[in-house]
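Down below is the structure, laid out as structure tokens.
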2 protein chains.
Amino acid sequence: MRISISDRAAGTRPRERIYVSLRDAIVSTEFHPGQRLSETDLAARLGVSRTPIREALVRLRDDRLVEIVPQLGTYVARISHTAVADAQFVRESLECAAVRIAAEKADSEDVAALRAIVERQREAFRASDVARFYVFDDELHRSLSELSGHGIAWSLAQRASGHLNRIRRLSMTMPAYIDEMIEEHVLVIDAVAAGEPERAETALRAHLQMVVSGLPDIERSHPEYFER
Amino acid sequence: MRISISDRAAGTRPRERIYVSLRDAIVSTEFHPGQRLSETDLAARLGVSRTPIREALVRLRDDRLVEIVPQLGTYVARISHTAVADAQFVRESLECAAVRIAAEKADSEDVAALRAIVERQREAFRASDVARFYVFDDELHRSLSELSGHGIAWSLAQRASGHLNRIRRLSMTMPAYIDEMIEEHVLVIDAVAAGEPERAETALRAHLQMVVSGLPDIERSHPEYFER
DNA sequence: CTTCACATACTTGCATACAAGTATGCCCGG
DNA sequence: CCGGGCATACTTGTATGCAAGTATGTGAAG
């Protein structure tokens with residue numbers, strides 16, 4: 001088992017770096033759902049002691065991304081349908097509420113910034129750079145939330161969306177969806193630009209629901225990643 | 001400084017017990033906003049070592065309830081206007097989204113259970129038992145969320161609402177609001193019973209906004225509890 | 001060959017020791 | 001009497017040692 005997590009998220013303080021590294025490893029399914037993790041092993045791999053590892057694992061447990069069983073082991077949580085549904089609910093609720101406010105507040109400069117991000121997504125799509133596409137996807141959703149004055153919406157949704165993001169990563173191999181997603185982004189931004197909260201929310205909700213639409217396919221191709 | 005946190009939240013596992021104890025001490029302002037906390041001191045007080053204390057403090061930092069400054073100290077976070085606004089936004093978004101679904105799903109049995117909780121609130125009010133009133137307040141909001149099938153809405157909102165709940169606790173001394181709150185609860189339940197999501201959401205939103213209405217009063221009486 | 005019992009090697013939970021760094025109070029000099 | 005510098009006593013961050021408990025593999029008995 002070869003792991004390449006040590007070089008990621010450099011620059012931040014050790015504690016945060018470790019948390020981000022482990023989280024990223026889990027969300028990217030570099031650590032497979034159901035896989036057993038050993039604190040000692042991770043500590044040796046990341047060149048630190050068990051203490052900061054444990055700290056990160058406790059936080060990941062709060063994120064429902066790992067299950068810590070005393071005297072037995074720590075396991076990467078399998079993808080759970082209810083956890084996915086919960087994360088979807090949280091993300092929809094928070095981001096839709098934020099986009100309504102954003103639609104009321106956004107000026108032309110804000111809208112231009114949003115459109116610029118979508119343009120960069122188009123570039124990434126043309127370059128077939130799926131990873132880069134998702135970077136700007138995050139960027140766009142974060143911008144929308146921050147426009148509302150409640151950046152917390154994005155950060156909390158992100159934190160609560162571990163299970164959801166694993167699905168997103170697993171469905172990255174399907175670029176068929178990507179141009180559809182770009183068009184959906186445009187619809188959301190159009191509504192924000194027009195100052196129509198209702199329409200913006202509807203468009204964003206439809207967009208967010210597309211993420212989970214690929215779930216059955218993923219479960220078929222990776223049944224061992226799922227609970228029960 | 002006399003602390004009485006050791007006997008609370010008994011029965012659960014030590015780790016969770018410590019987290020709940022500390023969180024409760026902070027939210028109840030038994031630990032004052034701005035107060036310095038010492039890991040060693042807390043460890044001695046709770047009869048454990050620093051390790052589980054640190055675990056709890058890290059989680060509380062994620063909740064924005066403490067600030068840990070390396071090599072300097074750990075402080076109870078002062079009440080921040082933006083933190084309160086963020087918490088309010090999160091709570092409103094999640095609970096309102098949940099109550100919409102609840103209004104569509106609830107049957108007469110569910111509604112009866114909700115009304116029973118309100119009745120217990122009335123009893124607590126008549127007995128002038130404010131603490132008990134808030135217990136059933138939590139119970140009601142939790143029930144509404146769980147009715148929607150997304151209990152996560154309540155638990156996450158609760159977790160994110162540390163700053164908000166401190167305000168709630170500080171305004172406990174004003175029973176003038178209480179009967180008004182009970183009537184608002186009734187309005188929400190009526191809308192749920194009638195199966196009208198829109199009206200339920202509006203009623204709940206109005207109710208939730210009452211919590212922060214007492215904020216200016218609290219800031220006047222405890223300016224040292226607030227940021228800046 | 002099968003099955004049960006035991007020893008071993010692992011796991012996490014907790015306690016403790018050490019490292020690095022900061023604020024504070026004391027002491028000395030002016 | 002006042003001010004600056006240094007030692008000290010704290011803080012958190014990390015590493016490590018010990019305790020309690022579980023799964024597994026091995027060996028012996030039937």
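Because the structure is a prediction, the values reported are computed rather than measured. Each chain gets a letter, A, B and so on, in the order its sequence line appears, and its residues count up from 1.
The CD-P distance, from B:Glu16 to C:dG13, rounds to 12 Å in whole Å. For B:Ile53 and C:dG13, the CD1 to P distance is 16 Å, given to the nearest whole Å. In this structure, the OH atom of B:Tyr75 is 11 Å from the C1' atom of D:dT12, given to the nearest Å. Separating the CD atom of B:Glu55 from the P atom of D:dT14 is a distance of 14 Å, rounded to the nearest angstrom. In this structure, B:Tyr19 places its OH atom 17 Å from P of C:dG13, rounding to the nearest Å. One interatomic measurement links the two molecules: CD of B:Glu39 to C1' of D:dC10, which rounds to 13 Å at whole-angstrom precision.
The side chain of B:Ser49 contributes no N or O atom lying less than 4.0 Å from OP1 or OP2 of C:dT16. At the phosphate of C:dT12, OP1 or OP2 sits under 4.0 Å from a side-chain N or O atom of A:Thr74. For B:Thr51 and C:dA15, the shortest distance from a side-chain N or O to OP1 or OP2 is not below 4.0 Å. In terms of phosphate contacts, A:Arg15 brings a side-chain nitrogen or oxygen within less than 4.0 Å of OP1 or OP2 of D:dG13.
Of the candidates C:dT11, D:dG13, C:dA15, the closest approach to any side-chain atom of B:Pro70 belongs to D:dG13. Relative to the side chain of B:Ile68, the nucleotides C:dT12, D:dT12, C:dA15 differ in distance, and D:dT12 lies closest. Considering only the side chain of B:Arg50, D:dG13 comes nearest among D:dG13, C:dT11, C:dA23. Nearest nucleotide to the side chain of A:Arg54, out of C:dA15, D:dG13, C:dT12: C:dT12.
Side-chain contact, B:Asp63 with B:Tyr19: a donor N or O sits under 3.5 Å from an acceptor N or O.
A:Val27 approaches A:Gly162 most closely through the heavy-atom pair CG2-O, 4.3 Å.
Between A:Leu72 and B:Ser38, the residue whose closest nucleotide on DNA chain D is further toward the 5' end is B:Ser38.
One N or O on the side chain of A:Ser80 and one on the backbone of A:Ala83 form a donor-acceptor pair closer than 3.5 Å. Remark: the backbone N or O of B:Thr51 is paired with a side-chain donor or acceptor of B:Ser49 at under 3.5 angstrom.
Under 3.5 Å, the side chain of A:Gln71 and the base of C:dT12 form at least one donor-acceptor pair of N or O atoms.
Classification of the A:Phe226-A:His81 ring pair by plane angle, with boundaries at 30° and 60°, yields perpendicular.
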